[in-house]
Amino acid sequence: MTFEDRNPVSTITIVSPLKDSAATRIYGDQYFNLRFTITPGQDEITSVNLYIDGKLAKILPTDLEQSVAINENTDILVGAHTAEIETVDAKMKKTRKSFPFEVIAR
């Protein structure tokens, strides 16, 4: 008899802004809040990280519901970018969810 993992890894769901709506665009002197939820898989979440364009931007708490300001320090250059949330569980399994956005000039 074998047992199958029901939820072997965590799931990240972007709550806001909605990706299916218009593309998220902000001016260089603005920021937006990226809200998301985490549904743990079989193992406990041990870390949550925010990457901007592939570079670690913030180490986040392991809360299951979060909101993080993107471009809070207004240091992201004009152009297309990707924010990515990463979770790591106790067995070092990683889950990532990306969110594209654009910084535009005034």
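What's counted below: heavy atoms across the whole structure, side chains too, no hydrogens, waters or symmetry copies. Keep in mind that this is a model prediction, so the values were computed, not measured.
The distance from the CD1 atom of Ile12 to the CG atom of Leu64 is 11.5 Å, given to the nearest 0.5 Å. To the nearest 0.5 angstrom, Thr13 atom OG1 is 12.0 Å from Arg35 atom CZ. The distance from atom CZ of Phe101 to atom OH of Tyr31, rounded to the nearest 0.5 Å, is 14.5 Å. The structure places CG of Asp63 at 9.0 Å from CZ of Phe36, a figure rounded to the nearest 0.5 Å. Atom-to-atom distance recorded for Ile45:CD1 and Leu60:CG is 12.5 Å, nearest 0.5 angstrom. The distance from atom NZ of Lys55 to atom CG of Leu50, rounded to the nearest 0.5 Å, is 14.0 Å.
In plain terms, the two heavy atoms of Asn71 and Gln30 that are nearest each other are ND2-O, 2.8 Å. Nearest heavy atoms, Gly28 versus Thr74: O-CB, 3.3 Å.
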Going by atom type alone, with no hydrogens or angles, which donor-acceptor pairs under 3.5 Å involve a side-chain atom of residues 76-88 and a protein atom two or more places apart or on another chain?
from, atom 1, to, atom 2, distance (Å)
His81, ND1, Asp53, OD2, 2.5
His81, NE2, Leu77, O, 2.6
His81, NE2, Gly79, O, 3.3
Glu84, OE1, Arg96, NH1, 2.9
Glu86, OE1, Asn49, ND2, 2.9
Glu86, OE1, Tyr51, OH, 3.3
Glu86, OE2, Arg96, NE, 3.0
Glu86, OE2, Arg96, NH2, 2.7
Thr87, OG1, Ser10, OG, 2.6

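Within 6.0 Å of the NZ atom in Lys58, the count of heavy atoms belonging to other residues, nucleotides or ligands exceeds 12.
Checked against side-chain hydrogen bond (donor to acceptor under 3.5 Å, both in side chains), Glu44 has no partners two or more places apart in sequence or in another chain. For the side-chain hydrogen bond (donor to acceptor under 3.5 Å, both in side chains) test, no residue two or more places apart in sequence or in another chain qualifies with Asp75.
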task: Test side chain to side chain contact (heavy atoms under 4.5 Å, CB included) on Thr24 and Phe99 and set out the steps.
output: CA-CA 9 Å; Thr24 299; Phe99 183 84; 3.3 Å; yes

query: Under the side chain to side chain contact (heavy atoms under 4.5 Å, CB included) criterion, do Thr62 and Thr46 qualify, and how do the steps go?
result: CA-CA 7 Å; Thr62 57; Thr46 57; 5.9 Å; no

task: For side chain to side chain contact (heavy atoms under 4.5 Å, CB included), just list the numbers for Tyr27 and Ile104, CA-CA rounded to whole Å, side-chain angles, deciding distance to a tenth of an Å, and then say yes or no.
output: CA-CA 5 Å; Tyr27 290 111; Ile104 57 176; 3.8 Å; yes

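Under a hydrophobic-cluster definition in which Ile, Leu, Val, Met, Phe, Trp and Tyr are linked whenever side-chain heavy atoms come within less than 4.5 Å, directly or via other members, Val15 and Ile38 are assigned to different clusters.
Considering only heavy atoms from C-beta on, Pro40 stays 4.5 Å or farther from Asp89 through its side chain. By the 4.5 Å heavy-atom criterion applied to side chains, Pro17 and Leu34 are counted as neighbours.
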